[in-house]
Amino acid sequence: MKILTSLLLMILFFMLSQATVNGFNKSLEAKALVATNWWPQHANVSDDYCNWDGISCNDAGSVTDIYLYDENLEGNLGSLDFSSFPNLVILGLENCSLEGSIPEQIGLLSNLTQLSLQRNQLTGNLPVSLTNLIRLKTLHLSGNSFSGEFPALLTNLIHLEDLSLSYNNFSGELPISLTNLTHLRYLSLYLNNFNGNLPVWLSKLSHLEFLDLSYNNFSGVLPVSLANLTHLEYLYLSNNKLTGPIPPSYGSIVNLKSLDLSTNQLNASIPNQITHLQYLLSLNLGDNNFDGPIPSNLGNLSQLYFLNLSHNSLVGPFHGNLSRFTSLDFSSNQLSGNLSIQNPCDLQHLNLSMNRMTGAITSLRVCVSLEYLDLSSNSFVGEQLNKLEFPLLKFLNQSLNNNLTAIAPSPSPVHYLTIFLPIILGLCFLILVYVCYKNHNATENKIQPQTIKHGNVCSILNYDGTIAYEDFITATEDFDLKYCIGTGGYGSVYEAKLPNGKTFALKKLHHFGSSVSLDLRG
Ligand SMILES: *[C@@H]1O[C@H](CO)[C@@H](O)[C@H](O)[C@H]1NC(C)=O
Ligand SMILES: *[C@@H]1O[C@H](CO)[C@@H](O)[C@H](O)[C@H]1NC(C)=O
Ligand SMILES: *[C@@H]1O[C@H](CO)[C@@H](O)[C@H](O)[C@H]1NC(C)=O
Ligand SMILES: *[C@@H]1O[C@H](CO)[C@@H](O)[C@H](O)[C@H]1NC(C)=O
Ligand SMILES: *[C@@H]1O[C@H](CO)[C@@H](O)[C@H](O)[C@H]1NC(C)=O
Ligand SMILES: *[C@@H]1O[C@H](CO)[C@@H](O)[C@H](O)[C@H]1NC(C)=O
Ligand SMILES: *[C@@H]1O[C@H](CO)[C@@H](O)[C@H](O)[C@H]1NC(C)=O
Ligand SMILES: *[C@@H]1O[C@H](CO)[C@@H](O)[C@H](O)[C@H]1NC(C)=O
Ligand SMILES: *[C@@H]1O[C@H](CO)[C@@H](O)[C@H](O)[C@H]1NC(C)=O
Ligand SMILES: *[C@@H]1O[C@H](CO)[C@@H](O)[C@H](O)[C@H]1NC(C)=O
Ligand SMILES: *[C@@H]1O[C@H](CO)[C@@H](O)[C@H](O)[C@H]1NC(C)=O
Ligand SMILES: *[C@@H]1O[C@H](CO)[C@@H](O)[C@H](O)[C@H]1NC(C)=O
């Protein structure tokens, strides 16, 4: 019965598509576009729709592309009359708030090569008529609310190269008919509820470059056969329930750039063959049950910049220089060995917490790009690190390392003093020089007119005692003994010859070092 219905539907669509196949009706296309109300600024029927946002036409003026994204179209796909667009090749309505199901009428778009409906709220079963879209190469239905088993009808779309059903609510096992899609290069099914074993036959999709099955409910072991996917560059299987070891043959997935097997129940030791993946940029094996040592040549993978081996039971040292990674997470293992940091250091994220590592952490001072640094619960030695030494650091934990020596209680003032003290001293010196210079000038300016005023010491004293005092100091060369003409119990008497030629006797009292009484002897 079901087969009969779909057969009838297919015949119907065949007839419908034949009706429009020989050319198009411009006014029909215009009417259909206006009727959607997706271009409210073009509410009048007009023939210049080829210039509207998101629309492309062929030379004859018939619509070939409709591509809108991030627009709230507040409707469903049913508002587009598919029968009016016999030449449509690309239909994309991404993140357009579309609801409801994909209408059967979509099967009329027999020239379609790309259908992108990701990030809407589409639901229901996929229409049977989708199998009509035999030219489809790209089908993106991710980020909707589709559910049920993997839509087997899709496996008739044998020209598909790029299929994404991620972020929906599909469940059940993957159908073996997927192997029909021999042209697939990109397959993304993450964040669904698919279960069962990872199929051995996935290796038949031999052109796969990207395979993402993460965040599902797959169980069982990693199939050895995946090693045959030699074009694979990205393999994401994290957050499933996979068990057993990594097949050593995975070392022959030669083009692999990124491998994520994290958050599964994989065990045994990490095979040395993984170090044959010379193009690897990113490796995440975190949160599994791996034990044994880290393959000794892992540090030789010269492109590897992201490495996560956290939350396993790995033992022994890591061979190589940690500082050439950008992100390194070894946390929660039983790793030992000395910290090896060299200059230059690219580390932005370093988590070595909960291990048994040793060595002086002061070598990390060259890692000035660090944003996250967790060294806690190890056996590191040396002086503690100061957060202020790392301009970008947002997180620092070096606790529970018994042998770290504390830094000074208030390290920052100390730190700043070493910088600012010379500056402050320099400034003081400059101020001093300035003051002296100014004073010197001032004395000179004062002394110059005095040489004229010296005519009458008494009048000078009357006006400015200090000036006269200075003159006496000069005349006696600061009370040099050679000017001393007598000493009594009260003080000493000096002879002072002032610039005007007059000679005076000066009495310097003992009790007040600088106090001078003047005895005019003319
Ligand atoms: C195009 O469609 C209009 C209706 O919108 C119709 O009146 C007209 O006859 C059609 N033209 C052709 C050539 O089919
Ligand atoms: C549609 O066209 C009519 C006349 O041709 C004009 O009065 C009206 O303003 C137009 N509406 C819009 C939305 O452009
Ligand atoms: C979806 O489109 C809305 C505008 O309609 C925009 O604000 C939002 O950022 C878009 N979401 C994504 C994930 O691009
Ligand atoms: C659409 O397909 C028909 C035949 O199915 C063909 O005549 C027409 O040229 C195609 N248009 C494009 C743009 O490929
Ligand atoms: C997903 O599908 C399961 C049945 O497979 C159903 O119980 C669950 O409610 C669905 N979740 C959502 C968010 O639709
Ligand atoms: C798809 O695969 C199934 C089983 O693997 C097979 O029966 C069917 O003929 C294939 N369909 C096409 C179009 O190749
Ligand atoms: C995952 O699959 C197992 C069977 O392999 C099943 O028992 C379990 O309920 C599934 N979990 C979810 C969340 O669907
Ligand atoms: C890998 O491919 C070769 C041929 O390319 C084939 O002989 C072998 O059986 C395949 N291995 C697996 C495990 O699929
Ligand atoms: C790995 O786990 C499986 C069960 O998932 C167990 O049978 C096997 O012995 C374990 N292997 C190792 C080396 O721990
Ligand atoms: C490493 O993997 C674990 C487990 O998946 C995760 O919690 C952690 O955030 C990852 N670390 C980094 C730096 O991504
Ligand atoms: C890896 O590097 C070490 C030196 O760090 C070297 O002794 C070893 O031969 C290298 N291995 C390979 C496979 O290049
Ligand atoms: C660390 O300190 C403990 C005592 O607290 C001492 O026994 C141990 O030898 C020290 N380790 C190192 C590497 O200095």
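One-based numbering, in listed order, for ligands and for the atoms of each.
- Closer than 4.0 Å to atom 11 (N) of ligand 9 lies at least one heavy atom of the protein.
- Between Arg185 and Glu233, the closest side-chain pair of non-hydrogen atoms is not below 4.5 Å.
- Among all heavy-atom pairs drawn from Ala227 and Tyr250, the shortest one is N-CE1, 4.0 Å.
- Thr263 and Asp287 form a side-chain donor-acceptor contact under 3.5 Å, judged by distance and modelled atom types alone.
- The atoms of ligand 7 that sit less than 4.0 Å from any heavy atom of Asn193 are 12 (C), 14 (O).
- Protein heavy atom in closest approach to atom 2 (O) of ligand 1: Asn25 ND2, 2.3 Å.
- For ligand 1 and Leu28, the ligand atoms under 4.0 Å from any heavy atom of the residue are 2 (O), 5 (O).
- The main-chain N or O of Ser262 is found under 3.5 Å from a side-chain atom of Asn264 such that the two form a donor-acceptor pair.
- Applying the side chain to side chain contact (heavy atoms under 4.5 Å, CB included) test between Phe290 and each of Ile246, Asn333, Leu309 identifies Ile246 as the sole match.
- The nearest heavy-atom contact from the protein to atom 1 (C) of ligand 7 is Asn217 ND2, 1.3 Å.
- Atom numbering of ligand 1 starts at 1 in the shown order; those under 4.0 Å from a heavy atom of Ser27 are 1 (C), 2 (O), 3 (C), 5 (O).
- Per-atom contact check: atom 7 (O) of ligand 1 does not touch the protein, criterion being a heavy-atom distance below 4.0 Å.
- Judged purely by atom type and a 3.5 angstrom limit, Glu29 uses its side chain to pair as donor or acceptor with the backbone of Val63.
- Within the set Gly220, Pro245, Ala268, the minimum heavy-atom distance to atom 13 (C) of ligand 9 is found for Ala268.
- Seen from the ring of Tyr49, Lys26 counts as a face-on cation partner, given the 6.0 Å and 45° thresholds.
- Of the polar atoms of Asn195, none of the N or O atoms is found under 3.5 Å from an N or O of ligand 7, judged by distance alone.
- The single protein non-hydrogen atom nearest to atom 5 (O) of ligand 9 is Thr243 CB, 3.7 Å, given as residue, atom name and distance.
- Counting only heavy atoms of the protein, atom 14 (O) of ligand 9 lies nearest to Asn267 ND2, 3.3 Å.
- Taking each heavy atom of Ser203 and Ser225 in turn, the nearest pair found is CB-O, 3.3 Å.
- Only the side chain of Lys31 comes within 4.0 Å of ligand 1, judged by heavy-atom distances.
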